[in-house]
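What you see is a predicted model, and the numbers here were worked out from it, not measured in a lab.
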Amino acid sequence: QVELLESGGTSAQPGGSLILSCAAPTYVFGRYSLSGWFRQAPGKEREGVAAIYAGNNTTYYDASTKGRFTISLDNSRTALLLILNSLKPEDTAMYYCGTNERVVGPWYELRSYKYWGQGTQVTVSS
């Protein structure tokens, strides 16, 4: 079982920035892995925010986050990062990271990920 630990979630003001981290203490994100960030607001379904394919570092973004969020893997491929800029109140949600050793489906579908973290809360308000 792969353990993923998210951190970095906190309260921020609109227009602010945050950095979320998804650490894998005993796991290296594989060369052909797909890893992503999802979020879930109260009363809503979990939705894809961004993802990265480690094979060629191709990144994917939801239309609501493109240009504001940046996803990356650190050099050792033991942490998945998400930089959140120009935060909006609608970004408020629990953020989860997920990963799979290989690509089995579209980046924005939950079924494409095999392992999940427990989540970190992001709250954007003035």
So the disulfide bond (SG atoms under 2.5 Å apart) pairs with at least one residue in residues 59-95 (sequence neighbours excluded) are none
Quick one: does Thr65's side chain have a donor or acceptor within less than 3.5 Å of a partner on Val49's backbone? yes
Would you check if the side chain of Thr120 reaches a backbone N or O of Gly9 as a donor-acceptor pair within less than 3.5 Å? yes
Crowded around Gln118 CD? As in, over 12 foreign heavy atoms under 6.0 Å? no
Within 6.0 Å of CG in Asn56, more than 12 heavy atoms from elsewhere: yes
Drop me the distance from Leu18's CG to Ser11's OG, to the nearest 0.5 angstrom. 9.0 Å
Less than 6.0 angstrom from the centroid, inside 45 degrees of the normal: does Arg39 satisfy that with respect to the ring of Tyr96? no
Here the salt bridge (charged side-chain N to carboxylate O under 4.0 Å, His left out) pairs for residues 59-85, sequence neighbours left out, are Arg68-Asp91
May I ask you to decide if Val124's main-chain N or O and Thr92's side chain share a donor-acceptor pair within less than 3.5 Å? yes
If we count only N and O atoms by modelled type, under 3.5 Å, do the side chains of Gln1 and Tyr27 hold a donor and an acceptor together? no
Residues in ring-ring contact (aromatic ring centres under 6.0 Å, His included) contact with Phe38, at least two apart in sequence or another chain: Tyr113, Trp116
Taking Glu6 for its side chain and Cys97 for its backbone only, find out whether a donor-acceptor pair lies under 3.5 Å. yes
side-chain contact (heavy atoms from CB on, under 4.5 Å) between Ile83 and Phe69: does it pass, once the steps are laid out? CA-CA 5 Å; Ile83 301 174; Phe69 293 5; over 6 Å; no
What one should report as the nearest heavy-atom pair of Leu82 and Ala50 is CD1-CB, 4.2 Å
Does Tyr108 have more than 12 heavy atoms from other residues, nucleotides or ligands lying within 6.0 Å of its OH? no
More than 12 heavy atoms of other residues, nucleotides or ligands under 6.0 Å from CD of Glu45: is that the case? no
Any donor-acceptor N/O pair, Tyr61 side chain to Ile71 backbone, under 3.5 Å: yes
Could you check whether any side-chain heavy atom of Ser17 comes within less than 4.5 Å of a side-chain heavy atom of Leu84, counting everything from C-beta outward? no
Spacing of Met94 atom CE and Gln40 atom CD [to the nearest 0.5 Å]: 9.0 Å
If you compare all heavy atoms of Leu4 against all heavy atoms of Gly98, which two are closest, and at what distance to 0.1 Å? CD1-CA, 4.2 Å
Nearest 0.5 angstrom please: Leu34 CG to Tyr53 OH, how far? 9.0 Å
